[in-house]
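This one's a predicted model, so the numbers in the text were calculated from it and none came from an experiment.
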Amino acid sequence: MSETAGRALLLRGASVVGVQGVTAGSSVLVRDGRIARVAHGVDGDGSDGSDGGSRGNSGEGGDARVLDLAGLTLWPGFVDLHNHGAAGVDVNEADADALHAASRFLASKGVTAWLPTLVPAPDEDYRRAAREVGRLMREQDGREPSARALGLHYEGPFVNGRQCGALRTQFFRTYAGPSDADVLARVGADGARHLVTLAPEVAGGVELIAELTRRGWVVSIGHTRAGVETLEQAREAGARHMTHFMNAMPQLHHREPGPVGWGLTRDDVTVDVIADGVHLDPLALRLVVRAKSPGGVALISDSVAPAGLGDGEFRLWGETIRVAGGRTSNERGGIAGSVVTLLEATRTVLGLGCAEHDVARMASLNPARLLGLDAELGSIEVGKRADLVAVDEGGRVRLTLVGGREAFRDGDL
């Protein structure tokens with residue numbers, strides 16, 4: 001049973017980041033794990049229903065437990081599409097308990113939903129990981145509140161060896177028929193989402209896109225050197241998104257625009273980016289947001305197990321990964337994922353001058369929409385899940401609600 005099942009929770013006095021802008025001195029009423037009312041421009045109990053979206057009578061908030069959030073900004077919970085782990089937990093190796101520990105850490109950083117993400121590995125590792133994610137999803141309502149696992153993201157193994165990044169090429173594959181797609185194990189849990197990053201130019205790649213799209217998977221283009229013609233074929237087959245845009249793909253060339261030029265100019269293709277100050281120069285990040293508009297960009301962490309552990313050396317994916325000053329590097333000197341959180345990514349994009357409601361779209365609504373979950377998640381609107389994050393002026397998370405339950409609370413809130 002949710003914390004608010006018997007009694008409503010009134011979040012009073014926050015600046016609420018809505019779909020169209022930020023409104024100060026507002027109140028959000030949470031009942032049965034969902035947003036029951038959003039009242040703007042009031043410092044009281046929010047019972048005037050001034051947003052026109054209230055439910056029930058004008059006194060609906062009268063029985064609510066009140067939490068004063070004056071001075072804080074209330075954001076929709078962040079949705080991380082691409083996360084290999086954090087706080088010492090590696091998704092490729094973790095069981096459900098370890099995944100839940102990572103989910104608790106993520107909640108402390110404002111993430112309320114995430115897709116555990118796998119790097120290429122043996123088939124049995126895929127099957128084991130899918131079982132553990134499925135177990136977590138089936139059990140997470142009964143565990144301590146934390147960021148909710150939504151399914152599984154396979155980064156590879158159907159990707160280009162010349163754009164491998166930190167992925168292990170010995171596990172890369174090509175596609176010859178539907179049985180090859182079966183190596184991507186499904187998560188056995190109601191509502192589980194499945195996303196795969198692949199390169200359409202690998203043998204059978206376009207046919208694989210069509211097959212996975214038929215199965216209801218979300219297909220994203222990444223770790224690719226595909227030309228424009230192949231990219232168009234991939235789009236027609238069902239691939240309408242691009243993974244960690246500009247990374248693990250050739251640089252833009254004026255005579256060979258490739259994936260970057262194609263992605264920047266296709267209005268019906270969305271992209272995600274790692275806004276950690278390492279993977280993309282701020283000017284390149286600004287270019288992507290300007291070209292795609294905030295509606296076409298999702299923020300991801302691409303975080304790895306050392307995220308949250310500080311600088312040092314760590315064993316990951318069969319090699320030593322070094323973290324120094326917020327940058328990861330593997331034994332070949334390449335970047336090996338990130339140690340950023342989506343909270344830090346939002347700060348980076350805000351620092352470019354983006355409006356808060358546009359950043360909320362990139363960190364919350366756009367990822368939810370890619371997964372077909374935007375009717376439930378991603379914005380502060382009546383009827384949606386009460387996945388909410390209160391942040392102070394210093395950018396520190398003070399409160400995280402997942403389905404109306406406290407998944408994180410700063411002790412002095």
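- Atom CD of E331 sits in a crowded spot, with more than 12 heavy atoms from other residues, nucleotides or ligands closer than 6.0 Å.
- The shortest distance between side-chain heavy atoms of R315 and I321 does not fall below 4.5 Å.
- Remark: side-chain polar atoms of Y154 are paired, donor with acceptor, to backbone N or O of A185 under 3.5 angstrom.
- Between the side chain of R405 and the backbone N or O of D141, at least one donor-acceptor pair lies under 3.5 Å.
- Between A107 and A147, the shortest heavy-atom contact is CB-N, 3.9 Å.
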Test side-chain contact (heavy atoms from CB on, under 4.5 Å) applied to L9 and L401, step by step: CA-CA 11 Å; L9 174 65; L401 299 181; 3.9 Å; yes
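- When side chains are defined from C-beta on, S301 does not count as touching I274, because their heavy atoms never get closer than 4.5 Å.
- Remark: T400 OG1 to E406 CD distance equals 9.5 Å, nearest 0.5 Å.
- When the options L371, V219, V187, V218 are evaluated for a side-chain contact (heavy atoms from CB on, under 4.5 Å) with H194, the one that passes is V187.
- Without hydrogens or angle criteria, T265 side chain to G261 main chain gives a donor-acceptor distance under 3.5 Å.
- Taking the side chain as every heavy atom from C-beta outward, P120 and F172 approach each other to under 4.5 Å.
- At a cut-off of 3.5 Å, with distance as the only test, a side-chain donor of H279 or D276 sits close to an acceptor on the other residue.
- Donor-acceptor pairing under 3.5 Å is recorded for the side chains of E155 and H84.
- Note on R168 versus E319: no salt bridge recorded, every NZ/NE/NH1/NH2 to OD/OE distance being 4.0 Å or above.
- In this structure a side-chain-to-backbone donor-acceptor pair under 3.5 Å is present from S338 to V340.
- A donor-acceptor pair under 3.5 Å is formed between the side chain of H223 and the backbone N or O of Q163.
- For the side-chain hydrogen bond (donor to acceptor under 3.5 Å, both in side chains) with H153, the qualifying choice from D80, N83, T197, T243 is T197, the only one to do so.
- The structure places CD1 of I209 at 11.0 Å from CD of E236, a figure rounded to the nearest 0.5 Å.
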So V183 and R173, side-chain contact (heavy atoms from CB on, under 4.5 Å) or not? Walk me through it. CA-CA 10 Å; V183 303; R173 291 175 174 267; 3.6 Å; yes
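- Between L152 and L115, every side-chain heavy-atom pair lies at or beyond the 4.5 Å cut-off.
- Residues E356 and T73 share a closest heavy-atom pair of OE2-CG2, 4.1 Å.
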Do F314 and R322 pass the side-chain contact (heavy atoms from CB on, under 4.5 Å) test, and can you show the C-alpha distance, the side-chain angles, and the key distance before you say yes or no? CA-CA 6 Å; F314 306 87; R322 180 174 175 79; over 6 Å; no
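- Checking side-chain atoms of T348 against main-chain N and O of E344 turns up a donor-acceptor pair under 3.5 Å.
- Residue D90 comes nearest to A305 through the heavy atom pair N-CB, 3.9 Å, listed as atom of the first residue, atom of the second, then distance.
- For D268, the CG atom counts as densely surrounded, since its 6.0 Å shell holds more than 12 non-hydrogen atoms of other residues, nucleotides or ligands.
- W75 and S364 are not linked by any side-chain donor-acceptor pair at a separation below 3.5 angstrom, with hydrogens and angles left out of the test.
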Would you please test E144 and R104 for salt bridge (charged side-chain N to carboxylate O under 4.0 Å, His left out) and show each step? CA-CA 8 Å; E144 283 187 285; R104 295 280 291 168; 3.4 Å; yes
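- Rounded to the nearest 0.5 angstrom, E256 CD and Q251 CD are separated by 12.5 Å.
- No more than 12 heavy atoms of other residues, nucleotides or ligands shown are found within 6.0 angstrom of CZ on R290.
- The line from CZ of F171 to SG of C164 is 13.5 Å long, rounded to the nearest 0.5 Å.
- Contact check for D272 versus H241: side-chain heavy atoms found under the 4.5 Å cut-off.
- With a 4.5 Å cut-off on side-chain heavy atoms, W217 and L184 count as touching.
- Residues D63 and R31 are paired through a salt bridge, judged by an N-O separation under 4.0 Å between the basic side chain and the carboxylate.
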Verdict with reasoning, R215 to E211, per salt bridge (charged side-chain N to carboxylate O under 4.0 Å, His left out): CA-CA 6 Å; R215 297 184 185 191; E211 173 63 21; 2.7 Å; yes
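- More than 12 heavy atoms of other residues, nucleotides or ligands sit less than 6.0 Å from atom CG of D182.
- A donor-acceptor pair shorter than 3.5 Å can be found between the side chains of E201 and T224.
- To the nearest 0.5 Å, atom OG of residue S108 and atom CG of residue D410 are 10.5 Å apart.
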Is there a salt bridge (charged side-chain N to carboxylate O under 4.0 Å, His left out) between R398 and D392? Walk through the geometry before answering. CA-CA 7 Å; R398 306 294 299 281; D392 66 18; 3.7 Å; yes
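- Taking every heavy atom of both residues into account, T213 and G238 meet most closely at OG1-CA, 3.7 Å.
- Partner of L81 under the side-chain contact (heavy atoms from CB on, under 4.5 Å) criterion, chosen from D302, L299, L342, I300: I300.
- R37 contributes no side-chain N or O that, together with a main-chain N or O of V28, makes up a donor-acceptor pair within less than 3.5 Å.
- Of the inter-residue distances, the one linking I221 atom CD1 with T230 atom OG1 reads 10.0 Å to the nearest 0.5 angstrom.
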Evaluation steps, salt bridge (charged side-chain N to carboxylate O under 4.0 Å, His left out), between R327 and D311: CA-CA 9 Å; R327 179 189 178 100; D311 291 353; over 6 Å; no
Given side-chain contact (heavy atoms from CB on, under 4.5 Å), test E139 with R135 step by step and report yes or no. CA-CA 6 Å; E139 296 175 356; R135 182 160 75 91; 3.2 Å; yes
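- Looking only at distances, a side-chain donor or acceptor of K292 sits under 3.5 Å from a matching main-chain atom of R266.
- Judged purely by atom type and a 3.5 angstrom limit, K384 uses its side chain to pair as donor or acceptor with the backbone of D374.
- The shortest distance between side-chain heavy atoms of L377 and D387 falls below 4.5 Å.
- Using modelled atom types, no side-chain atom of R34 and backbone atom of V382 make a donor-acceptor pair closer than 3.5 Å.
- Heavy-atom neighbours of R162 CZ from other residues, nucleotides or ligands within 6.0 Å: at or below the threshold of 12.
- Between H244 and H82, the gap from one ring centroid to the other is short of 6.0 Å.
- No side-chain donor-acceptor contact under 3.5 Å links T112 and R148.
- Across all their heavy atoms, V16 and S26 have their closest contact at CG2-CB, 3.6 Å.
- Between T270 and N366, every side-chain heavy-atom pair lies at or beyond the 4.5 Å cut-off.
- Crowding of E393 atom CD: a count of heavy atoms from other residues, nucleotides or ligands under 6.0 Å not exceeding 12.
- In terms of heavy atoms, L231 sits closest to A226 at CD1-O, 3.6 Å.
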